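Just so you know, these numbers come straight off a predicted model, no measurement behind them.
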Amino acid sequence: MAEIRPFAAYRPAPGMESRIAALPYDVYNREEAAREVQKNPESFLAIDRAETGLGPEVDTYAPQVYERADRLLRERIAAGHFIKESAPCFYLYQQTLFGKSQTGIVACASIDDYCDNVIKKHENTRSDKEQDRIRHVDICNMQTGPIFLAYRSNDALRKVISQTKQETPVYDFVSEDGVGHRVWVIADNERIKQIQESFHKISSIYIADGHHRCASAVKVGLMRRESHPNYTGDEEFNFFLSVLFPDEELRIMDYNRVVKDLNGFTPAEFLDKAGENFLVEKKGQATCRPERKGTFGMYLEGEWYLLTAKENILTDDPVEGLDVSLLQRHLLEPALGIQDPKTDKRIDFVGGIRGLEELERRVKTDMKVAFSMYPTSIEELFAVADAGKLMPPKSTWFEPKLRSGLFLHDLEIR
């Protein structure tokens, strides 16, 4: 059963929230992050990516980068940019994009639940990417980037969320990208108890986004246990910052593919190859967005095509039956020679938030063919995780992204 507990967050002082809130550190490269911080020096990105305040000669992962992050964080707390809650609370965090809202419970989840697979994964993590956030969390002694978790919705939690949203939020702002953000504090002991008891009845929680941040937070907790062998399990380092969303509200967008060449085939030959495992229907110049599972848009030589998977390649396997797997196994790999999409430089991935026009632009500039995908469903994600399997790379694109800096979890004991 899941152990979810309240915490006393550091959060922006009233009026500072829109200036502090920042997109996750890993959506930017170094140059992009530096431009964002230059544009808004109070952005939490200045702390999450502290190399933005150092010269280009300083390596992104140099010790002084993490030391600067810690110093900036302490200076801004001392300057009153953040306040600390007087007692442990839960929080509600609502995001609204394109008229659709998702509301998550901000809480701390248990590193033991992660290790015992109560909190389930669907991606592998890379140790080099983990090390960066391990050092950041360890040196700052603070978890600053929340993990995006999902759960199967239930009436008890739905009721608490609805009651809380009738109250006045402590934050209510729209970020530059058009996403609305609202935050409520849940300090009422009865509601806190209801939330904890409701999660205690839930057998599985799922990482939707943030596998590397989650693994890093857990490893810092395990490191602290080693250095504090008499730990009780109640210390803050045994828990990590999370936002838990009900499955019924989550929006997964398409994660599309573009490929640099046709692997030696002419366009006509490639269309014939595609026809071996897919029904190919020419659609002309109007963009082709798949409307159901098992269908794909393809943009080639200025024309759109609709590809429909033939019955013989369909499967009920939770991984092999994913649309991203069908395309990879039965077209990208055998025809285009994309053996490993994680490492092959001939393939790139385009988040659905950019629109299908971005696929056309890429084909007209640096790519040869593009594929628009039908979004992976949250039910498919749950099925893969429940089976103890892993999704292929770039299977899901969650939007909107959680903001960093709105909630900070102090580990207290170094």
Side-chain angles (χ1 to χ4, degrees), residues 2-7 9-11 21-27 44 47-48 90-95 102-126 129-138 140-152 157 181 183 195 199 202 204-224 236-247 249-252 378 381-382 384-385 390-391 395-411:
E3 182 180 2
I4 301 298
R5 79 174 198 171
F7 69 109
Y10 278 99
R11 56 183 180 86
L23 284 166
Y25 74 96
D26 53 358
V27 306
F44 201 79
I47 295 169
D48 262 349
F90 287 121
Y91 306 84
L92 284 191
Y93 180 21
Q94 180 190 71
Q95 297 177 297
Q102 59 186 33
T103 304
I105 296 172
V106 185
C108 282
S110 164
I111 67 173
D112 289 316
D113 283 349
Y114 178 93
C115 295
D116 295 339
N117 209 38
V118 173
I119 297 173
K120 295 184 176 180
K121 310 89 179 165
H122 66 265
E123 279 184 16
N124 271 330
T125 57
R126 285 170 36 194
K129 292 183 69 174
E130 288 178 18
Q131 284 302 315
D132 168 47
R133 288 302 101 175
I134 287 173
R135 295 173 72 188
H136 189 277
V137 171
D138 192 38
C140 291
N141 205 41
M142 197 90 72
Q143 293 161 354
T144 61
I147 314 306
F148 191 145
L149 301 180
Y151 64 92
R152 291 184 174 89
L157 288 171
H181 305 267
V183 172
I195 290 172
F199 276 111
I202 293 176
S204 297
I205 293 173
Y206 303 83
I207 301 176
D209 200 11
H211 281 77
H212 285 91
R213 289 195 298 276
C214 192
S216 300
V218 169
K219 288 183 178 179
V220 170
L222 296 176
M223 287 163 49
R224 297 290 173 91
E236 292 297 329
F237 60 70
N238 294 287
F239 301 87
F240 59 89
L241 179 62
S242 306
V243 187
L244 300 104
F245 289 93
D247 58 347
E249 294 187 1
L250 291 182
R251 174 190 179 97
I252 301 180
I378 192 68
L381 184 154
F382 284 179
V384 171
L390 302 175
M391 280 192 164
S395 294
T396 57
W397 179 278
F398 283 91
E399 201 70 43
K401 304 293 185 187
L402 299 181
R403 266 33 180 196
S404 295
L406 290 178
F407 313 95
L408 311 179
H409 176 222
D410 188 354
L411 300 186

Take K219 and V137 through the side-chain contact (heavy atoms from CB on, under 4.5 Å) test and state the conclusion after the steps. CA-CA 10 Å; K219 288 183 178 179; V137 171; over 6 Å; no
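Y91 has its ring centre less than 6.0 Å from the ring centre of F7.
Note that CZ of F407 and OG1 of T144 are 13.5 Å apart. Values are rounded to the nearest 0.5 Å. Between L157 atom CG and L244 atom CG the span is 9.0 Å, to the nearest 0.5 Å. Taken to the nearest 0.5 Å, the CD1 atom of I202 stands 5.0 Å off from the CZ atom of F199. Taking NZ of K129 as the reference point, atom CD of Q131 lies at 13.5 Å (rounded to 0.5 Å). In this structure, NE2 in H122 is found 10.5 Å from CZ in F382, a value given to the nearest 0.5 Å. To the nearest 0.5 angstrom, D138 atom CG is 11.0 Å from Q143 atom CD.
Checking each of Q94, Q95, R251, E399 against Q102 for a side-chain hydrogen bond (donor to acceptor under 3.5 Å, both in side chains) leaves exactly one that passes, namely Q95. Each of V243, I207, L250 was compared with F148 under the side-chain contact (heavy atoms from CB on, under 4.5 Å) criterion, and only L250 meets it.
Here the closest non-hydrogen pair linking T396 and M391 is CG2-SD, 4.1 Å. Between Y206 and A385, the shortest heavy-atom contact is CD2-CB, 3.6 Å. Considering all non-hydrogen atoms of both residues, G145 and S404 come closest at CA-OG, 3.9 Å. For C214 against I147, the heavy-atom pair with the smallest separation is N-CD1, 3.4 Å. A pairwise comparison of heavy atoms in E236 and L411 identifies CB-O, 3.8 Å as the closest pair. For the pair R11 and L406, the tightest heavy-atom approach, listed with the atom from each and the gap, is CB-O, 3.2 Å.
Contact check for D112 versus E3: no side-chain heavy atoms found under the 4.5 Å cut-off. Two residues are said to be in side-chain contact when any heavy atoms from C-beta on lie closer than 4.5 Å; R213 and D26 meet this criterion. Residues F240 and I111 are in side-chain contact: their nearest non-hydrogen atoms beyond the backbone lie under 4.5 Å apart. In this structure, the side chains of Y93 and R403 come closer than 4.5 Å at one or more pairs of heavy atoms. The shortest side-chain heavy-atom distance between L92 and I105 falls under the 4.5 Å cut-off. When side chains are defined from C-beta on, F245 does not count as touching I378, because their heavy atoms never get closer than 4.5 Å. Side-chain contact between H136 and D48 is present, with heavy atoms from C-beta onward closer than 4.5 Å. At a threshold of 4.5 Å between non-hydrogen side-chain atoms, the residues Y151 and I4 do not count as touching.
Taking D410 as the reference, Y10, K84, N141, M142, E412 meet the side chain to side chain contact (heavy atoms under 4.5 Å, CB included) condition, with sequence neighbours excluded.
K121 places a side-chain N or O within 3.5 Å of a backbone atom of Y114 that can act as its donor or acceptor partner.
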